Amino acid sequence: MTASFSLYLDLIRFLASLAVFFDHLASREISGGVIPTVMGIYGQAAVTIFFLLSGYVISFVVQSREKEFKIFAINRVARLYSVILIALPLTLIFDALGMHFSPVFYEQKKILSDPESLAGYLTSFFFINEYKIFGVKGLVAGTNGPLWSLSFEATYYVACGLLLFAKRWVAVALVLLMLACAGPTITVLATVWLLGWALHRSAGNSIFRMKSRFARIMFFVSVVGLIIAPLVSRYLPYDNFGLFFPFGRNGSNRNILQDIIVSSFFALNIISAKVVFDGPANVKDGTQNLIKRLGALTFPLYCIHFPLMCLLAATAPFAHGSLLKVIYITILCLCFIIFVTPACDQLKLWIRKALKGSFLAAKPA
């Protein structure tokens, strides 16, 4: 993966997390409708991009540096828990403060669809809040609705690890059992994750090689496609032609047709971008560092922003529906994420170190 292309992926990750952020910020409960609706329609598309990008990146790291089970497992656990171990306590604190100062605000279904419960935190901690076999129906920790997608991500990590490192028949049996427990939505969207994996593994295939000029055209087409996909998808059957794929804390029907359109355009984007951004990064070191730092904000921003956004919206000193309130929420949220991200990074290193010690201690003399 070239330096220039790697920076591009970092930028895409950050923009996708911002799309989710503005999806929530644009809701009437938070901003009072002062933000144009169009700014809040890219949240679902962003999550689709995350899934495909995850498959692509995991294929890369497995091929390049995570070729043993213990390394793969340690890095995946550290990746997930470095943020979730911070996000869950913060959610509890933010929700407690918000409900103390403005309990009426938290009575809105968009804000807190289910009462605070230990089950919500436990299912989020173990990434099973979307597993239909348990009947939890998308239960999450307090207001932290975005955590629903971590059930998907964790499932794909485990399935990948089993298929790569376990005996084939055992791996296939366990993966099928896990998907049966997870339910139809996690199973269907696994195809988006696998598409990302396949794109990376097929990068050297002559079918995907483009001339520079044609790649630039396809890159432009893919960007336009990603911009208009959520707009066009609103006119497609939202019920997936009668098929129900529940997701999230409200058990909404996932618009699988939009996922197919978005993942198709993003696949084209990845293929063309690999040609367009081939070679060393032709930007200044300061710009490179900025993009890398923005990419590092992605996961903490995704997992922490909504409980904090709710607290700020509930206690803001500005009128509901005012632009000042929106600016206030946005600035404080982003500043807090910038502040807490180094702690997540440090926790990731500690988890890796602790798990590596455990693996070494478990080895026979």
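What you see is a predicted model; the values in this text were computed from it and never measured.
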Side chains of Phe245 and Asp259: does their closest heavy-atom pair fall under 4.5 Å? no
For Gly55, does its backbone N or O pair with a side-chain atom of Ser59 as donor and acceptor, under 3.5 Å? no
Are Ser54 and Glu153 close enough that a side-chain donor and a side-chain acceptor fall under 3.5 Å? yes
Flag side-chain contact, heavy atom, 4.5 Å: Cys310 against Phe94: no
Test item: side-chain donor near acceptor, Tyr157 and Asn75, under 3.5 Å: no
When you check the side-chain N and O atoms of Asn129 and Thr123, is any donor under 3.5 Å from an acceptor? no
Would you indicate whether the side-chain heavy atoms of Lys110 and Arg28 approach each other to under 4.5 Å? no
Within the 6.0 Å centroid threshold, strictly below: Phe219 and Phe277: yes
Is there a side-chain contact between Cys303 and Leu150 (heavy atoms, below 4.5 Å)? yes
Taking atom types as modelled, find out whether Ser149 and Tyr302 have a side-chain donor-acceptor pair closer than 3.5 angstrom. yes
Between OG of Ser17 and CG of Leu297, what distance do you get to the nearest 0.5 Å? 7.5 Å
Does any N or O in the side chain of His305 come within less than 3.5 Å of the main-chain N or O of Leu301, such that one atom is a donor and the other an acceptor? yes
Sub-3.5 Å donor-acceptor pair from the side chain of Ser151 to the main-chain atoms of Phe127, do we have one? yes
Please report, to 0.1 Å, the donor-acceptor pairs under 3.5 Å made by any side chain of residues 40-47, with sequence neighbours excluded.
{"from": "Tyr42", "atom 1": "OH", "to": "Ile227", "atom 2": "O", "distance (Å)": "2.6"}
{"from": "Gln44", "atom 1": "NE2", "to": "Asn255", "atom 2": "O", "distance (Å)": "3.0"}

Does a donor on one side chain sit under 3.5 Å from an acceptor on the other, for Tyr121 and Thr91? no
Aromatic ring pairing Trp197/Trp193, orientation class (parallel under 30°, perpendicular over 60°, tilted between): parallel
Would you say the side chain of Ile351 lies within less than 4.5 Å of the side chain of Leu85, judging by non-hydrogen atoms? yes
Return the orientation label for the Tyr8 and Phe5 ring planes: parallel under 30°, perpendicular over 60°, tilted otherwise. parallel
